[in-house]
Amino acid sequence: MSPDWSNLRADFPILHQNVGKNPLVYFDNGATSQKPRAVIQSLINYYERDNANVHRGLHALSMRATDAYEGARARVAKFINAAGPAEIIFTRGTTESINIVARSWAHAHLKPGDVVLTTEMEHHSNLVPWQQAAKATGATLKYVPLLGNDGEDGLDLAALDTLLTPQVKLFAFTHMSNTLGTINPAAELCRRAKAVGAITVIDAAQSIGHLPFDVREIGADFVAFSGHKMCGPTGIGVLYGRRELLDTLAPDETGGGMVVSVTYEGASWKPAPERFEAGTPNVADAIALGVACDYLDALGRDKIFEHDAQLAQLAMEKLSTLEGIRIIGPQVGQPRGGLVSFAFEGVHAHDIVTFADQDGIALRGGHHCNQPLMRKLGLTSTTRASFYFYNTPEEIDRLVASLRKIQKFFAG
Ligand code: C6P
């Protein structure tokens, strides 16, 4: 049975406010999701009762903080079905997670003649680090093309046959595009990469809190995601890495907490995950991320996906009735995740976002950290409505009504 979605709104204090004269419609979940009371309370509890540094103290608070921090690591491992907590490295977010792989793995393993493969739909966070790694090592960066004038046909999976050569050492791709809403077939991409001996890196920033995700079933080597897009706090994220791979990697950052022994001449490293967590970690936010995992698992990410995908289809159907709208990514009836990006000729996305805000509706407008993709589609920006389980069909009606008003205004 599906949860009672509208009752769940009571768990999110922030949703119960007016923006100007109108009740808030929060459609910017792709940028960051809102936080349930349980996550907020976890932060308060930690700072009111348990706050101490971890792994260092023998006093009660430090031991409580350490237990809760390591408990959160185990909780996240369960959330994605990792083989164990040692495969979970806490980072600041998706961006830092991908950069760790690009600096630690790629710099150690890439040489001239090697190829790093990514796709034409990547967020800058899963593109620029590979450009930098390729530049530093002499490797070549190649892209799996995106099909369709509006990017509606997804990645060119046939092109993979020629692109995935034994020269490809690493294939980094997004699980769900933050701009198109496309969901890539992660398990198939990992299987095909593995067949040529390439390591896979999945950017799961947009998918992890929205659909079931099993790292072992997918067969990923590395997975990056952010807590703040899955009901957790900002400033905490995860790099999942297969244990065998993590243990062969040199640390990206060095300092306290990650060493076994230090002399004036040198130092030796602890195994993963400590090896990759130099300095005092973000204890409070990691613990709250564990609470976010509990919250999402209690709802069921299969149910969340169903809900979000239904809202996206409803939005597409209703938005399609607006004259001159161009929706990018999968079209009405094609499978997609819970976000919709669109453009109107002659009206800039920033104007749409500003006007919608006056109706209490929070959207995102711009290039969504996807400049090469925008250029490919012949756009400079789009407006994006991104949904989560607390959004409702009535809110979609308010969006469409607001857009109609905006269109009328700009038509003069
Ligand atoms: N996308 C959006 O509005 P960080 O900032 O490290 O938490 O996540 C980066 C990131 C990486 N990959 C994808 C697919 C993403 O969507 C994001 C963040 C936000 O779409 C902010 S640009």
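Atoms within a ligand are numbered from 1 in the order they appear, just like the ligands themselves. Counting from 1, the numbers follow the sequence of the chain as shown.
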Contacting atoms of ligand 1, where contact means under 4.0 angstrom from a heavy atom of Ala205: 11 (C), 12 (N), 13 (C), 15 (C)
Donor on one side chain, acceptor on other, Thr182 and Asn184, under 3.5 Å: no
Closest approach of any protein heavy atom to atom 1 (N) of ligand 1, naming residue and atom: Lys229 NZ, 2.9 Å
List the steps and the verdict of side chain to side chain contact (heavy atoms under 4.5 Å, CB included) for Phe342 and Thr382. CA-CA 5 Å; Phe342 53 88; Thr382 65; over 6 Å; no
of all protein heavy atoms, closest to atom 15 (C) of ligand 1 is His123 CD2, 3.3 Å
Taking every heavy atom of His109 against every heavy atom of Asp114, the minimum-distance pair comes out as O-OD2, 3.6 Å
Nearest non-hydrogen protein atom, atom 21 (C) of ligand 1: Arg364 NH1, 3.5 Å
protein heavy-atom neighbour closest to atom 12 (N) of ligand 1 works out as Asp203 OD2, 2.5 Å
Any ring-ring contact (aromatic ring centres under 6.0 Å, His included) pairs touching residues 14-51, not counting sequence neighbours? Phe27-Phe387
Applying side-chain contact (heavy atoms from CB on, under 4.5 Å), can you list everything that pairs with Val128, at least two apart in sequence or on another chain? His124, Gln131, Gln132
His228 N/O to ligand 1 N/O under 3.5 Å: yes
Whether the side chain of Arg275 engages the backbone of Asp247 through a donor-acceptor N/O pair (distance < 3.5 Å, no angle test) should be reported. yes
Tell me whether ligand 1 is touched by Asn126 - counting only heavy atoms on the residue side and a distance under 4.0 Å. no
Would Arg384 count as a contact residue for ligand 1, given that I'm defining contact as a non-hydrogen atom of the residue lying under 4.0 Å from a ligand atom? yes
Asp297 and salt bridge (Lys or Arg N to Asp or Glu O under 4.0 Å): which partner among Arg75, Lys303, Lys78? Arg75
Should you measure from each heavy atom of Asn178, which atoms of ligand 1 turn up under 4.0 Å away? 2 (C), 16 (O), 20 (O)
With a 4.0 Å cut-off on heavy atoms, is Glu96 in contact with ligand 1? no
Is any side-chain heavy atom of Val332 closer than 4.5 Å to a side-chain heavy atom of Gln313? yes
Heavy-atom contacts with Thr94 under 4.0 Å: which atoms of ligand 1 show up? List them by number with element. 6 (O), 8 (O), 11 (C)
Heavy-atom count check: over 12 atoms from other residues, nucleotides or ligands less than 6.0 Å from Glu217 CD? no
Can you tell me the protein heavy atom closest to atom 16 (O) of ligand 1 and the distance? Gln206 NE2, 2.7 Å
Contact check: Ser125 vs ligand 1, nitrogen or oxygen atoms, below 3.5 angstrom: no
Which of the numbered atoms in ligand 1 are under 4.0 angstrom from any heavy atom belonging to Ser226? 4 (P), 6 (O), 7 (O), 8 (O)
Thr95 versus ligand 1: do any nitrogen or oxygen atoms come within less than 3.5 Å of each other? yes
Parallel, tilted or perpendicular, as decided by the 30° and 60° cut-offs, for the rings of His55 and Tyr69: perpendicular
